[in-house]
Amino acid sequence: MPLLKIENLSVDFIKEKEITSAVKQISFEIERGEILALVGESGSGKSVTSLSILQLLPVPPARYQGSILFYENESAINLLNLAGKELQNIRGNSIAMIFQEPMTSLNPVMSCGRQIVEAIQLHKKVSFNEAKKRTIQWFQKVKLPSPEEIFNRYPHQLSGGQKQRVMIAMAMCCNPSLLICDEPTTALDVTVQKAILELIKEIQQEENIGVLFITHDLGIVAEIADRVAIIYKGEILEQDKTALLFKNPKHPYTKALLACRPALHPKGVRLPVVSDFMEQDFNERPSQVSVAPVGKIENIENYVLVKVENLSVHFPTKKNLLGKPLAFIKAVDDVSLEIYKGETLGLVGESGCGKTTLGRTLLRLIEPTHGKIYIQGNDITALSTKQLSELRQEVQLVFQDPYSSLNPRLTVGAAIAEPMQVFDTLSAKERTKRIVDLLDKVNLPKSYLKRYPHEFSGGQRQRIVIARALALNPSLLVCDESVSALDVSVQAQVLNLLNDLKKDLGLTMLFITHDLSIVRYMSDRITVMKAGKIIETAGAEEIYQNPKMEYTRNLLAAIPKIAV
């Protein structure tokens, strides 16, 4: 008997007589002691499927059809027929879930330990002291440092990887039979991601539990999954053992997901996207799909556009009664670098290494503690507010999360027009024409002008943010983890777009990321940052083929690899 058996599951959302089908008659099974990866892009229905297992979707507007059979104690329970206390006894007890974003999943006003204790006492009816003992044991098992101290800390006091470990401890504390992992490593560094994947695999094998692992990253699937099911627009297209599916994908969509990864393509070659494959014959292999080259990025002028000298950014952590800082975090520590006109400089490192702080300090969104920053020969650390405002027309920032960087009350047209209105560069008629041109540059139709941010996918929102950043014709674009959370196919579209814009507009880019396979594809040179310091800078291929520092070698070794 399987542990979980989903048969002909359909999930519709009904709003004002309009029906949206999110999942369409899907079927799959999970065995005890097995990890099944459910893979697809955003909007494919994979998260809706996982939330349906525990009935976490509100009814209405959700409507279920089909069956979700859970075989606990060798007798089948249709989870869709449960309600009230019966359902509560299953949630967190027999079936547990690790969500994508631990910060929003953990209660910010309860200590981490108390949150685990609450879950244990709810299901196991033990004393507080016994629950605390079990919590500390699980903190040890998920390899959290100083478990007794973590017990009393709050979520905001932990790193992203530590918060995800707390979530794993919470999910496992009642010894569930089935664990659902919904994109648990999407926003993590490669080294932290590798540690979390190893931890999930280790616990799964020790406890002999079934795991439904939801992701869009095929590299992760290769590392962790026994079998794979590919989902697209609410339908399961194919499923097989991981090695067999990667070696011989049958559906064009699966071939597309495998082929879109930047690691497979040399710098300067346009990445294939899903549409390239969906239009091909079903039997055509990914290597046979022709892609148009964007041309190698050549003729970088030997002109330094940005020069950073001995830059430091310190944040006070302790002050005396008079407000004098006594202790500091050295986010950026005596950094010097140069960015040449027309090049893409990749800046890589783990979370907390200072790369985002460095990027924002280049725009003086964060004030430097020491050092100089020269842009086009101007020392921006010495500029007045007015002079700095004028310079910011030349330097623009593309943030990691496009949704939070767009005003939800402004239409797309108004959001792109805003920088032009602030600097009063064009008339109203010229602004409208410029907005339409920018949307065209990022491959969006002008009909989107009057839509709001929530009406777009993640990839479309990122295109809108790029269009807004280009509104003032900047010479330098700082991309801060701008594709980290995107699906592999959407990521390919945005990377193609950035390369096209760089070639057409002569842009210079600082490309900040923790994904070394992407930075290799995008960058002319790569700078590696650790604990606020730059430890290594070289050409992209040189960094990959001959890294000098142990830290760089560890980052490269942590990249998930697919053997096809």
Side-chain angles (χ1 to χ4, degrees), residues 2-14 19-32 34-72 76-82 87 90-92 94-101 105 171 176-186 200 204 209-218 220-221 224-240 242 245 251 253-254 257 457-458 487-489:
L3 178 63
L4 185 79
K5 186 175 183 179
I6 293 180
E7 290 185 318
N8 300 318
L9 175 67
S10 294
V11 184
D12 301 326
F13 292 96
I14 304 169
I19 299 175
T20 303
S21 296
V23 172
K24 305 168 187 175
Q25 293 192 312
I26 66 169
S27 300
F28 62 82
E29 297 179 359
I30 301 174
E31 305 289 338
R32 285 175 173 80
E34 174 187 53
I35 299 179
L36 172 71
L38 186 60
V39 180
E41 298 172 280
S42 294
S44 63
K46 56 188 189 294
S47 288
V48 170
T49 301
S50 69
L51 294 170
S52 299
I53 294 170
L54 292 173
Q55 289 193 48
L56 293 175
L57 298 171
V59 180
R63 180 181 68 186
Y64 301 106
Q65 290 177 302
S67 62
I68 301 176
L69 302 176
F70 180 55
Y71 290 82
E72 191 174 36
I77 305 168
N78 189 347
L79 297 176
L80 295 181
N81 293 337
L82 300 185
L87 189 57
I90 294 286
R91 288 175 177 165
S94 301
I95 304 176
M97 191 164 182
I98 303 170
F99 295 93
Q100 180 172 354
E101 179 44 67
S105 304
S177 303
L178 176 66
L179 179 64
I180 302 169
C181 303
D182 188 2
E183 301 270 14
T185 61
T186 297
I200 291 172
Q204 177 259 338
I209 61 173
V211 176
L212 176 61
F213 196 97
I214 292 165
T215 184
H216 62 257
D217 190 326
L218 287 161
I220 291 175
V221 173
I224 198 169
D226 301 303
R227 287 191 303 118
V228 187
I230 304 293
I231 187 169
Y232 177 65
K233 293 186 177 179
E235 299 181 66
I236 299 285
L237 300 182
E238 62 177 313
Q239 47 185 315
D240 207 337
T242 304
L245 185 133
H251 197 279
Y253 180 69
T254 311
L257 292 181
S457 69
D487 302 324
V488 64
S489 58

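Sequential numbering from 1 along the given sequence is applied to the chain's residues.
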Is a donor on one side and an acceptor on the other found under 3.5 Å between the side chain of T242 and the backbone of D226?
yes
Going by heavy atoms in the side chains, are D240 and V228 under 4.5 Å from each other?
no
Hey, which of N8, N78, L9 is the one that makes side-chain contact (heavy atoms from CB on, under 4.5 Å) with S67?
N78
Examine distances only and state if a side-chain atom of Q239 and a backbone atom of E29 form a donor-acceptor pair shorter than 3.5 Å.
no
With E31 via side-chain hydrogen bond (donor to acceptor under 3.5 Å, both in side chains) - residues at least two apart
none
In terms of heavy-atom contacts, L80 and S52 come closest through CD2-O, 4.0 Å
For K233, does the NZ atom have more than 12 heavy-atom neighbours from other residues, nucleotides or ligands under 6.0 Å away?
no
If you round to the nearest 0.5 Å, how far is CD1 of I77 from CD1 of I90?
4.5 Å
Can you tell me which residue among L79, D12, L57 is in a side-chain contact (heavy atoms from CB on, under 4.5 Å) with Y64?
L57
Can you see whether E41 engages Y253 through a side-chain donor-acceptor pair at a distance of less than 3.5 angstrom?
yes
Taking E34's backbone N and O only, do any of them form a donor-acceptor pair with R227's side chain (distance below 3.5 Å, no angle check)?
no
Of all heavy-atom pairs between K46 and G40, which one has the smallest distance, and what is that distance?
NZ-O, 2.8 Å
Does a side chain donor of either S47 or D182 reach within less than 3.5 Å of an acceptor in the other side chain?
yes
Value rounded to 0.5 Å, distance of CZ in F99 from SG in C181
11.0 Å
